[in-house]
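Just so we're on the same page: letters track the sequence lines, and every chain starts at 1.
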Protein chains: 2
Amino acid sequence: MLDSPVVSTDSVVFQLQNSKLAVLLIKRAKSPSKGEWALPGGYNSAGEVTQDAMVRVLRLKAGLDIKMLPLVDQLYTFDTDAVGNNGNAVVVTYMGLGRDIVLKASDTLQSPTFFAVENVPRLPFNHNEIIEYAHKRLAAKLTYTNSVFALLPKFFTLTQLQNAYETILDHKYDKRNFRKKFLSLKMVEPTDKYLHEGAHRPALLYRFRHQKLQTLSRSFD
Amino acid sequence: MLDSPVVSTDSVVFQLQNSKLAVLLIKRAKSPSKGEWALPGGYNSAGEVTQDAMVRVLRLKAGLDIKMLPLVDQLYTFDTDAVGNNGNAVVVTYMGLGRDIVLKASDTLQSPTFFAVENVPRLPFNHNEIIEYAHKRLAAKLTYTNSVFALLPKFFTLTQLQNAYETILDHKYDKRNFRKKFLSLKMVEPTDKYLHEGAHRPALLYRFRHQKLQTLSRSFD
DNA sequence: ACAAAAGTGTTAAGAATACACCCATGT
DNA sequence: ACATGGGTGTATTCTTAACACTTTTGT
């Protein structure tokens, strides 16, 4: 074995909650920063590939099966000079997108909880920076791919779709133009179902034409 | 020290040569694949951050000072199951863009040479895959940023600019529309110099308005 | 009947595309 | 004078952006 930096993996798992972008945090079980909120992550053991480390850590610390995440992307690899007193580390980060993730509480888990991104506390290491970076990348991806599909339920209203874009891109859109654009992009198609949910006209439910990542023919902004 | 995968760094350095995209390769000094062409790369030592490893390797093996590269980006981090018999490795890859790079031959270097991307031989490890990936990323970057500036000399003609786009994106553009678009993007501006280079009308030289990476207001395709 | 969100169309400005000829130079 | 690449304009189509009222439902 060569003398080399240590490899670890951190994951940013996003979903929408109450029309807000939310990120999964856990309570750290070990020093440093024991008991503080942080991104789920951990060291890779020898022979373990970073994707596998991510899967293992999410299951072990958050009780989350990666199959719950329709989209997972590598984000960026950070170099840190020193982690605790273990010398330097290379931290490979991933972003996962999901919907309707229900976390079960359990003594064996580390209090996995979704925090609205705007309410994320100050986190140890560079975890706040990682979340910011992930948010920016997600925003960029929404403009040139169909990646929202991974954040919305199978059936959704155009208002929900618009809300997703508005929260993530932090920008208001005109309802008529937004709808025209998305229908012309052929990203979504109407179903024959309606969502009845209040003292107002029910909303037609749509679905994505593909549940795979695709690049849009014209980008969105 | 924990038991962890080995970290190494590979670099894809591009420049334009005879209106073709070219990539820097070296001859490997060590097994495995000793004597074969490969991307410049190597293991990180403990305490060494991946960017520093890249700088060190390029200087040591290719005699290239990173300051010659106006733009360097992290590309992707690959996991490989086994490298030689050293167990698995995490390979952090970078892409550097340059212009007018003159390589000096030297016994202490490993025959650094630029190969036109279309003539790159079959390389060991996943180096062909890495180059393909870098090429795709570069193509994408040209469409939404001003990153060509790093590949062209300070003063250049619009034909040279168009050639750069055409080679990298593998697409022909209409001369009039191309010029209209780039001038309206305000990416470049005319100077008062001309390039005289043959039995034809001399070409007006332009320069970039910024030598820093910027995102374009409207993307290009 | 009222409150609440769903749904819908037109016009104007800007951007993209398609397309062909004259200009300035070196030999 | 000719060969070579540099340089330019217009018409059409498509895309974007701005903007306000009617519909359907639950209470």
Side-chain angles (χ1 to χ4, degrees), chain A residues 16 18-20 142-146 152-153 155-167 169-207 215-221, chain B residues 16 18-20 142-146 152-153 155-167 169-207 215-221:
Chain A
L16 292 169
N18 311 319
S19 304
K20 298 279 181 200
L142 287 201
T143 67
Y144 68 91
T145 69
N146 65 345
L152 290 177
F155 298 93
F156 55 89
T157 68
L158 292 183
T159 301
Q160 288 167 349
L161 179 63
Q162 186 173 343
N163 279 339
Y165 272 83
E166 291 184 343
T167 336
L169 299 184
D170 192 25
H171 189 271
K172 290 283 176 195
Y173 295 95
D174 176 85
K175 188 161 48 156
R176 283 170 291 187
N177 293 340
F178 184 89
R179 287 162 184 238
K180 218 182 309 166
K181 180 76 183 260
F182 274 86
L183 295 171
S184 85
L185 282 172
K186 298 197 170 151
M187 197 162 107
V188 300
E189 61 190 8
T191 66
D192 54 1
K193 299 185 192 22
Y194 286 85
L195 177 65
H196 297 257
E197 65 151 6
H200 57 83
R201 181 167 172 177
L204 186 54
L205 287 165
Y206 286 74
R207 72 172 153 231
T215 300
L216 304 182
S217 50
R218 314 193 302 279
S219 78
F220 176 78
D221 218 30
Chain B
L16 292 169
N18 312 319
S19 304
K20 299 279 181 199
L142 287 201
T143 67
Y144 68 91
T145 69
N146 66 344
L152 291 177
F155 297 93
F156 55 89
T157 67
L158 292 183
T159 301
Q160 287 166 351
L161 180 63
Q162 186 173 343
N163 279 339
Y165 273 82
E166 290 185 344
T167 336
L169 299 184
D170 192 26
H171 189 271
K172 289 283 174 196
Y173 296 96
D174 177 85
K175 191 164 42 158
R176 283 171 290 191
N177 293 341
F178 184 89
R179 288 164 184 237
K180 216 183 309 166
K181 179 75 184 263
F182 274 86
L183 295 172
S184 86
L185 281 172
K186 298 193 171 157
M187 200 162 105
V188 300
E189 61 189 10
T191 66
D192 54 2
K193 300 185 193 21
Y194 286 86
L195 177 65
H196 297 258
E197 64 151 5
H200 56 84
R201 179 167 172 179
L204 186 53
L205 287 164
Y206 287 75
R207 70 170 153 233
T215 300
L216 304 182
S217 50
R218 317 192 301 280
S219 76
F220 176 79
D221 221 30

If you check the A/Arg201 side chain, which of D/dT15, C/dT25, C/dG7 turns out closest? C/dG7
d(CD, B/Gln162; C1', D/dG5) in whole Å: 12 Å
Which nucleotide sits closest to the side chain of B/Ala199: C/dA6, C/dG26, C/dA24? C/dG26
Take atom CZ of A/Arg176 and atom C1' of D/dT22, then tell me their distance rounded to the nearest Å. 12 Å
Please work out if B/Leu204 contacts a base, only the sugar-phosphate, or nothing of the nucleic acid, heavy-atom cut-off 4.0 Å. sugar-phosphate
Compare the minimum distances between each of D/dT15, D/dT4, D/dA18 and the side chain of B/His200, then state the nucleotide with the smallest one. D/dT4
From CD of B/Gln160 across to P of D/dG7 the rounded distance in Å is 11 Å
Is the phosphate of C/dA16, meaning OP1 or OP2, less than 4.0 Å from a side-chain N or O of B/Arg218? yes
Need to verify one output field. Residue with the more 5' nearest nucleotide on DNA chain C, A/Lys180 or A/Thr157? A/Thr157
Let's see if you can work this out: which of C/dT17, C/dA16, C/dT8 has an atom nearest to the side-chain heavy atoms of A/Arg179? C/dT8
Look at all strands and tell whether A/Thr159 reaches a base, only sugar-phosphate, or nothing, counting heavy atoms closer than 4.0 Å. sugar-phosphate
Establish, yes or no, whether the cationic atom of B/Lys193 lies under 6.0 Å from the six-membered ring centre of B/Phe155 and within 45° of the ring axis. yes
Where the side chain of A/Ala203 is defined as all heavy atoms beyond and including C-beta, which of D/dA20, C/dC19, C/dA6 is the nearest nucleotide? C/dA6
I want to check something: taking the side chain as every heavy atom from C-beta on, are A/Phe178 and A/Tyr165 in contact at a cut-off of under 4.5 Å? yes
Under 4.0 Å between any heavy atoms, over every strand shown, what does A/Lys181 touch: base, sugar-phosphate, or nothing? Just pick one. sugar-phosphate
